[in-house]
Amino acid sequence: MLGGFPPSGKRAKHAAFLHIMPELPEVEITRRGLLADLPGRTVDAVVVRNPTLRYPLPRTLGRILAGQVLRDIGRRGKYLLFDFGSGTLIVHLGMSGSLRLVPAAEPAGRHDHLDLVFGATALRLRDPRRFGAVLWERGDVAAHPLIAPLGIEPLSAEFTADRLHAATRGRAAAIKLFLMDSHVLVGVGNIYASESLFRARIDPRTPAGRLSRERCARLVPAVRETLQAALAAGGSTLRDFMHSDGCAGWFQQHYFVYGREGEPCRACGTRIRAARLGQRSTFFCPRCQR
DNA sequence: CTGGTCACCTGGAAGC
DNA sequence: TGCTTCCAGGTGACCA
């Protein structure tokens with residue numbers, strides 16, 4: 001598992017520290033890893049061990065996919081889009097899901113719910129908490145009810161200070177919750193929302209509509225830098241991720257505030273504070289973030 | 001439309 | 001030691 005415990009030596013207060021939590025960078029790294037191997041290959045079989053994810057797996061998945069050639073793998077927000085030409089397999093990793101390439105003969109573990117078998121290799125979905133989803137869309141995937149309402153891609157050129165400023169006008173919700181609303185902005189989960197707001201030096205409790213234009217102009221690159229730092233960290237251990245049996249440390253990161261309640265701010269030394277926003281734990285430096 | 005809350009699920013940690 | 005309780009997370013559903 002992950003090698004690094006919180007630097008203070010105290011046990012991790014939040015078990016989440018030790019879990020894989022797929023936010024946008026993790027999903028994108030998964031996509032890139034699979035892209036190197038899978039496109040052009042044909043699905044020989046589908047093995048469903050447990051169809052009860054967030055939504056029931058399509059019953060006829062085996063019939064749908066057998067003999068189909070995977071053309072490409074895209075991503076929209078945290079959804080992976082496996083393009084088979086005849087339709088798209090939509091995969092969401094929830095909060096504990098992972099996709100790995102394994103020898104098809106490798107025995108499946110307790111939470112390995114689904115295999116797509118490509119010759120001697122299987123694409124294996126593991127998801128202990130089963131918050132993930134696997135869906136089939138035969139038509140226009142962009143029009144799928146889970147995909148169509150999604151907001152701006154934070155790494156795209158569309159994510160600008162002007163748009164963020166405009167979108168936040170009149171909104172009373174805390175900026176952290178606003179950042180995490182997938183209908184506004186995709187891919188930013190609880191961890192990276194706290195981290196991004198620290199980088200932007202903005203108090204996560206600030207009502208979104210009260211952010212000045214100048215603060216929006218700080219927040220946009222802060223979100224991008226946070227995600228890109230995570231991408232870089234994941235990219236460096238991509239090979240390990242794809243072929244080892246553990247998490248291989250690709251999520252191991254140096255958080256500024258997340259999970260660090262009571263520990264010194266890395267910028268000013270002030271104790272990091274915790275708060276609840278939308279029933280989610282939130283961390284911030286009361287001195288750096290105003 | 002907006003904002004607030006809940007449910008889903010499991011494993012790990014803390015509490016008794 | 002072994003049981004119970006709580007909590008983490010993303011997101012759709014639901015409420016006022």
Side-chain angles (χ1 to χ4, degrees), chain A residues 1-2 5-6 8-28 30 49-57 75-80 90-99 109-114 125-135 137 144-151 153-154 166-196 204-210 227 230 246-247 251 253 255 257-262 274-283:
Chain A
M1 273 300 266
L2 301 186
F5 268 85
S8 70
K10 280 187 291 189
R11 307 290 292 287
K13 183 170 178 183
H14 300 275
F17 243 120
L18 305 177
H19 282 279
I20 294 173
M21 288 177 286
E23 295 191 29
L24 188 148
E26 289 77 10
V27 174
E28 177 61 18
T30 297
R49 300 185 191 83
N50 182 353
T52 63
L53 297 185
R54 178 175 186 134
Y55 310 103
L57 260 65
R75 178 185 63 75
R76 180 74 175 94
K78 296 175 191 171
Y79 291 90
L80 286 167
I90 303 170
V91 177
H92 195 292
L93 298 176
M95 65 159 289
S96 63
S98 63
L99 282 170
R110 175 150 132 76
H111 302 294
D112 292 336
H113 307 310
L114 172 70
L125 173 67
R126 171 174 296 181
D127 187 1
R129 295 190 187 173
R130 296 196 281 121
F131 275 22
V134 177
L135 302 150
E137 171 57 55
H144 188 280
L146 292 181
I147 304 295
L150 295 178
E153 288 284 339
T168 51
R169 294 311 90 186
R171 299 293 296 266
I175 184 59
K176 183 194 176 226
L177 296 179
F178 192 80
L179 287 182
M180 290 173 65
D181 182 348
S182 65
H183 300 120
V184 174
L185 187 70
V186 294
V188 178
N190 197 43
I191 296 172
Y192 295 143
S194 278
E195 294 295 291
S196 297
R205 300 165 298 183
T206 308
R210 295 237 303 267
L227 296 177
C247 326
F251 291 94
Q253 284 174 56
Y255 294 130
V257 290
Y258 182 80
R260 299 191 63 240
E261 180 181 10
R276 299 289 289 185
L277 281 177
Q279 300 174 303
R280 290 289 183 256
S281 56
T282 300
F283 302 91

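Lettering of chains follows the sequences in order, A, B, ..., and the numbering in each one begins at 1.
Nearest heavy atom pair, residue A:Pro204 against residue A:Ala174, reads O-CB, 3.4 Å. In terms of heavy-atom proximity, A:Leu125 sits nearest to A:Val134 at CD2-CG2, 3.8 Å. Nearest approach of A:Pro128 to A:Ser96, heavy atoms of both residues: CD-O, 3.3 Å. The two residues A:His113 and A:Asp127 come nearest to each other via the heavy atoms NE2-O, 2.8 Å.
Rounded to whole Å, atom C1' of B:dT2 lies 16 Å from atom CZ of A:Arg169. Across the protein-nucleic acid pair, A:Leu146 atom CG and C:dG12 atom P stand 6 Å apart, rounded to whole Å. Rounded to whole angstrom, the span from the CG atom of A:Asp127 across to the P atom of B:dT10 amounts to 10 Å. Atom CZ of A:Arg110 is separated from atom C1' of B:dG12 by 13 Å (rounded to the nearest Å). Summarising the geometry, the separation between CZ on A:Arg76 and P on C:dG10 is reported as 18 Å, rounded to the nearest angstrom. Atom CG of A:Leu135 is separated from atom P of C:dT11 by 13 Å (rounded to the nearest Å). In this structure, A:Glu23 atom CD and C:dA8 atom P are separated by 15 Å, rounded to whole Å. Atom-to-atom, CG of A:Leu93 to P of C:dT11 comes out at 10 Å; the value is rounded to the nearest Å.
Counting non-hydrogen atoms under 4.0 angstrom, A:Ala133 reaches nothing in the nucleic acid.
In this model, the phosphate group of B:dC1 is not approached by any side-chain N or O of A:Arg171 to a distance below 4.0 Å at OP1 or OP2. At the phosphate of B:dC6, OP1 or OP2 sits under 4.0 Å from a side-chain N or O atom of A:Gln279. A:Tyr258 has no side-chain polar atom (N or O) that falls below the 4.0 Å cut-off from OP1 or OP2 of C:dA8.
For A:Arg280 and C:dA8, a side-chain-to-base donor-acceptor distance below 3.5 Å is absent, hydrogens and geometry of angles not being considered. Between the base of C:dT11 and the side chain of A:Arg54 there is a donor-acceptor pair shorter than 3.5 Å.
Residue A:Arg130 places its side chain closer to B:dT10 than to any other of C:dG10, B:dT10, B:dT2. Proximity note for A:His111 (side chain, C-beta onward) versus C:dT11, B:dT10, B:dC8: the nearest is B:dT10. Side chain of A:Tyr55, nearest nucleotide from C:dG12, B:dC8, C:dA8: C:dG12.
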### Task
With side-chain contact (heavy atoms from CB on, under 4.5 Å) as the test, would you mind laying out the steps for A:Leu146 and A:Ile90 before giving the verdict?
CA-CA 10 Å; A:Leu146 292 181; A:Ile90 303 170; 5.8 Å; no

#### Entry: Evaluation steps, side-chain contact (heavy atoms from CB on, under 4.5 Å), between A:Arg280 and A:Lys176
CA-CA 10 Å; A:Arg280 290 289 183 256; A:Lys176 183 194 176 226; 4.1 Å; yes

### Task
Map every base of DNA chain B to its dot-bracket character, where paired means a Watson-Crick or G-U wobble contact with both distances under 3.5 Å and | marks a partner outside the strand.
.|||||||||||||||

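Of the possible donor and acceptor atoms, none in the side chain of A:Arg76 sits under 3.5 Å from a partner among the backbone N and O of A:Lys78. Side-chain N or O atoms of A:Glu153 include none that pairs as donor or acceptor with a backbone N or O of A:Val186 at under 3.5 Å.
A heavy-atom distance below 4.5 Å is not found between the side chains of A:Leu53 and A:Leu114. Annotation: side chain of A:Tyr258 is in contact with side chain of A:Asn190 (closest heavy-atom distance under 4.5 Å).
Both A:Phe131 and A:Ala174 sit near DNA chain B, but only A:Ala174 has its closest nucleotide nearer the 5' end.
Residues from residues 175-185 of chain A with heavy atoms under 4.0 angstrom of DNA chain B: there are none.
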